[in-house]
Amino acid sequence: MSKIDTIKKIEVAALSDLTVGIGQKVNVDGEEIALFKQKDGSVKAIQNSCPHKGGPLSEGIVSGEHVFCPLHDWKINVNDGQVQAPDVGCVKKYKVDVEEELIYIYL
């Protein structure tokens, strides 16, 4: 079985459940994921655990395309999951679709 055969599209929230600038945590198949609605209406999804000390990113301060970990202020890009310098690391990012006001994540 190829990797493409194992990808699942899962409904996780309604677009109206999210507010620009405020993260939301969802649990999907045992994975904790942070959702972020952008000013343009798009939604980004990344792992909800900072690579530094496991801080809950969905509770962090959001500034544009970045979220700041609430524990130690690490800055993480919600588009690609990359930690910003001078810190290093990354978090898993998830493909997201918004269809008819529903948010889907691919696992």
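What you see is a predicted model; the values in this text were computed from it and never measured.
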Grab the two heavy atoms, one from Phe68 and one from Ser63, that are nearest each other, plus how far apart they are.
CE1-CB, 4.0 Å
Considering all heavy atoms of both residues, which atom of Cys69 and which atom of Gly55 are nearest to each other, and what is their separation?
SG-CA, 3.8 Å
So, do Val83 and Pro51 sit near enough that their side-chain heavy atoms are less than 4.5 Å apart?
yes
Ignoring hydrogens and angles, tell me if any N or O in the side chain of Gln84 forms a donor-acceptor pair with the backbone of Gln82 under 3.5 Å.
yes
Using 0.5 Å steps for rounding, measure from the NZ atom of Lys44 to the NZ atom of Lys93.
8.5 Å
Hey, does Asn48 have a side-chain heavy atom less than 4.5 Å from the side chain of Ile33?
no
Is the count of non-hydrogen atoms from other residues, nucleotides or ligands lying under 6.0 Å from Leu15 atom CG greater than 12?
yes
Single-linkage hydrophobic cluster, 4.5 Å side-chain cutoff, Val62 and Leu57 together
yes
Can you tell me how far apart CG (Leu35) and CG (Asp17) are? Round to the nearest 0.5 Å.
9.5 Å
Going from SG on Cys90 to CD1 on Ile46, what distance comes out if it is rounded to the nearest 0.5 angstrom?
10.5 Å
When rounded to the nearest 0.5 Å, the distance separating CD1 of Ile105 from NZ of Lys95 is 11.5 Å
Say you draw a straight line from OH of Tyr104 to CG of Asp97; how long is it, rounded to the nearest 0.5 Å?
9.5 Å
Before giving the answer on side chain to side chain contact (heavy atoms under 4.5 Å, CB included), spell out for Leu18 and Ile103 the whole-Å C-alpha distance, their side-chain angles and the decisive distance to 0.1 Å.
CA-CA 10 Å; Leu18 302 181; Ile103 301 166; 3.4 Å; yes
Quick check for you: to the nearest 0.5 Å, what is the distance between Ile10 atom CD1 and Tyr106 atom OH?
11.0 Å
On a heavy-atom basis, the closest approach of Ile76 and Cys50 is CD1-SG, 4.2 Å
Do Val67 and Val91 make a side-chain contact, defined as non-hydrogen atoms from C-beta onward lying under 4.5 Å apart?
no
Co-membership, hydrophobic cluster, residues Tyr94 and Val98, 4.5 Å side-chain
yes
For His52 and His72, take the angle between the two ring planes, folded into 0 to 90°, and tell me which bin it lands in: parallel under 30, tilted 30 to 60, perpendicular over 60.
perpendicular
Nearest heavy-atom contact between Gln24 and Ser58 is C-CB, 3.9 Å
Between Pro70 and Gly60, what is the shortest heavy-atom contact and its length?
CD-CA, 3.8 Å
